Amino acid sequence: MENKRKILVFNSLAGEKQEFKPIQEGRIGMYVCGPTVYSNAHLGNCRTYVSFDVIFRFLKHLGYSVRYVRNITDVGHLLDDGEDRMLKGARLEQLEPMEIAQKYANGFHEMMRIFNIQNPSIEPLATGHIIEQIEMVKEILERGFAYEKNGSVYFNTIRYIQSGNPYGELSGRVVEDLMAESRDNLKNQDEKNHPSDFAIWMKASDEHIMKWPSPWSVGFPGWHLECSAMSKKYLGEQFDIHGGGNDLKFPHHENEIAQSVGSCGHSPANYWLHTNMLLLNGRKMSKSEGNTISPEQLFTGESKFISKAYSPMSVRFFMLQAHYRSTLDITDEGLQAGEKGFKRLMDALATSKNVQPELSSNSAPKDELVSEIIEQIYSDLCDDFNAPKAIANLFEMAGLINSIANKQIASTEISQYAWEKLKDHFSFFIIDILGLKDESSEANENTTNGLMQLIIELRKDVRERKDWAGSDKIRDGLKELGIQLKDGKEGTDWSRI
RNA sequence: GGUCGGAUGGCCGAGUGGCUAGGCAGAGCUCUGCAAAAGCUCCUACAGCGGUUCGAAUCCGCUUUCGACCUCCA
């Protein structure tokens, strides 16, 4: 446990990096907005959840007890035309609304598993918290920050602002602008008093299938409300971290803040973290413009944007090579570079486990370098979870490992103790913190290891007879199977191509 | 249109007022029967134009350009 390191996080609320201080010593409550399960998981979702996965893993490692809540939205998310997203999906596919939700929730979970993303502590469903949402609407009404119109309830942003609350603080919206825009747009609003007001309860039309009774009407909750209600239920009125994609800042997160302040008098989270968007070939991903690629297409290679398939872990690695707050451009070249870099890292990891160098039992010159790099990686991660910088330092470690394995660093230059520390931390950072894993299955790996041992021994005899044709035949044959032999001073090693 | 954030070497991408990011690609060397791997070395860039400064890719302004948000969005 590494507790008590100073962590800096970029807080969207402040627009700058701030020292992270949890409300309760040693405990962290973190809420991240989950997906709306009305269609297949989008690559952008994956990047966001990969980013928060690393944050979750790292905070736990630092010794914090983290409760990570990530919801699933299965109701209440309105489309442009006012139709519920779940209903739209249902009508198109001739399925029950909950069937749609289940189908895509399953798909989402499968994608999380494929990307090696750890499960959150709690994964609440919006439909499972209708009562809590109705309670929150009541509280907001009681405090006078909402009004009812024809069975629907709207949040009164003007009253909220006039009461001195900073609406727009998170997204940089100016209160005066919101106030000023009233007149022109007002005529387009049927029930809302002001364009910036938003629904917290909607009366359902007759054809609406997903609806629940409430004091105001048979209807359904507004989209922003579920996160407020569920974060409050599981993390309390005030918690530490609230995260999500950059595109949720406004209106979603802004409205969440308003709802929390409106119902219980204070902002829900101290630190707001936002992940940035994914681009494809320098342009935003857009289904309507055909500029999009799905996780499945990435894994199968079936897309005009890429030349080959990429494994989930090489995609995860590719994502982590960019900071979570930067946009990341997906290109075929970039993915290939990522894939090769990932392989180099994993090869070094395998090497570190396979070789058993005999090194100095006393402290040696390179020992300090090992400590420095490890310390640097901790600093990198403590500085707003800078995974790309940490990865750069992991490549430094890989270089050291390879040099030691090759005996390019003399045994007198580094101690046995430092070597153990080096390889343990190398594995720990890659596997446990960055959440990358070896993609070859273990059972196959054991068999293959044994077979390879045998083949290498046989080939050694052939080589000792200087039967180069026979030796090459073995090597070329293995290459056909995707296995590369590496003849070195210390004997022969191998890896997958 | 309004608000905000970017523009880094062949490509992807960190970062900092003066000190090597890293990966991929390319070149050379070491090792080696050959090859591959690995190691070492090289290629050393910060959109443009001004300004601040002893010194700016890093701060400020303008221009160009890309992107995000502006009640669908991770």
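None of these values were measured; they are calculated from a predicted model. All chains are named by letter (A, B, ...) in the order of the sequence lines, taking the proteins before the strands, and each is independently numbered beginning at 1.
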Inset, instruction - Indicate, with a heavy-atom threshold strictly under 4.0 Å, whether Arg465(A) touches base, sugar-phosphate, or nothing. - result: nothing

Inset, instruction - Please identify each residue that fulfils side-chain contact (heavy atoms from CB on, under 4.5 Å) with Ile122(A), with sequence neighbours left out. - result: Arg67(A), Val69(A), Pro124(A), Tyr234(A)

Legend entry - Any residue meeting side-chain contact (heavy atoms from CB on, under 4.5 Å) with Pro365(A), in chain and number order, not counting sequence neighbours: none

Legend entry - Nucleotide-resolved protein contact map, nucleotides 37-46 of chain B, B/S/- at heavy-atom distance under 4.0 Å: SBS-------

Inset, instruction - If a protein heavy atom is under 4.0 Å from the base, mark B; if only from the sugar-phosphate, S; if neither, -; do that for nucleotides 6-12 of chain B going 5' to 3'. - result: -----SS

Inset, instruction - Compute the centroid of each ring, for Phe155(A) and then for Tyr160(A), and state whether the two points are separated by less than 6.0 Å. - result: yes

Legend entry - Results of ring pair (Phe, Tyr, Trp, His ring centres under 6.0 Å) for His274(A) - residues two or more places apart only: His253(A)

Legend entry - Pair listing, ring-ring contact (aromatic ring centres under 6.0 Å, His included) test, anchored in residues 334-357 of chain A, at least two apart: Phe317(A)-Phe342(A)

Determine the interatomic distance between [atom1] on [N] and the same-named atom on [M]; round to the nearest Å.
N	M	atom1	result
rA45(B)	rC12(B)	C1'	14 Å
rA37(B)	rC49(B)	P	41 Å
rA47(B)	rU58(B)	C1'	15 Å
rG18(B)	rC72(B)	P	45 Å
rA57(B)	rC46(B)	C1'	4 Å
rG6(B)	rA14(B)	P	12 Å
rC54(B)	rG48(B)	C1'	26 Å

Inset, instruction - Could you please spell out the steps behind the ring-ring contact (aromatic ring centres under 6.0 Å, His included) verdict for His224(A) and Phe198(A)? - result: CA-CA 9 Å; His224(A) 316 299; Phe198(A) 55 93; 5.5 Å; yes

Inset, instruction - Consider only side-chain N and O atoms of Thr73(A) and Asn71(A), and report whether a donor and an acceptor are under 3.5 Å apart. - result: yes

Inset, instruction - Please work out which of the three classes, parallel, tilted or perpendicular, describes the rings of Phe385(A) and Tyr324(A), given edges at 30° and 60°. - result: tilted

Inset, instruction - Check RNA chain B for consecutive Watson-Crick or G-U pairs with both distances under 3.5 Å and list the runs of at least three as stems. - result: B:1-7 with B:64-70, B:10-12 with B:22-24, B:26-30 with B:38-42, B:47-51 with B:59-63

Could you list all N or O pairs between the protein and nucleotides 25-28 of chain B that sit under 3.5 Å apart?
{"from": "rA25(B)", "atom 1": "OP1", "to": "Lys340(A)", "atom 2": "NZ", "distance (Å)": "3.2"}

Show which side-chain atoms of residues 389-398 of chain A pair as donor or acceptor with protein atoms under 3.5 Å away, not counting sequence neighbours.
none

Legend entry - Contacting residues from residues 44-54 of chain A, given that a heavy atom lies under 4.0 angstrom of RNA chain B: Gly44(A), Asn45(A), Thr48(A), Tyr49(A)

Legend entry - Contacts of type salt bridge (Lys or Arg N to Asp or Glu O under 4.0 Å), residue Asp332(A), not counting sequence neighbours: none

Legend entry - Residue pairs involving residues 40-52 of chain A (criterion side-chain hydrogen bond (donor to acceptor under 3.5 Å, both in side chains); sequence neighbours excluded): Thr48(A)-Thr275(A)

Legend entry - N-O pairing of Asp53(A) and Arg316(A) below 4.0 Å: yes

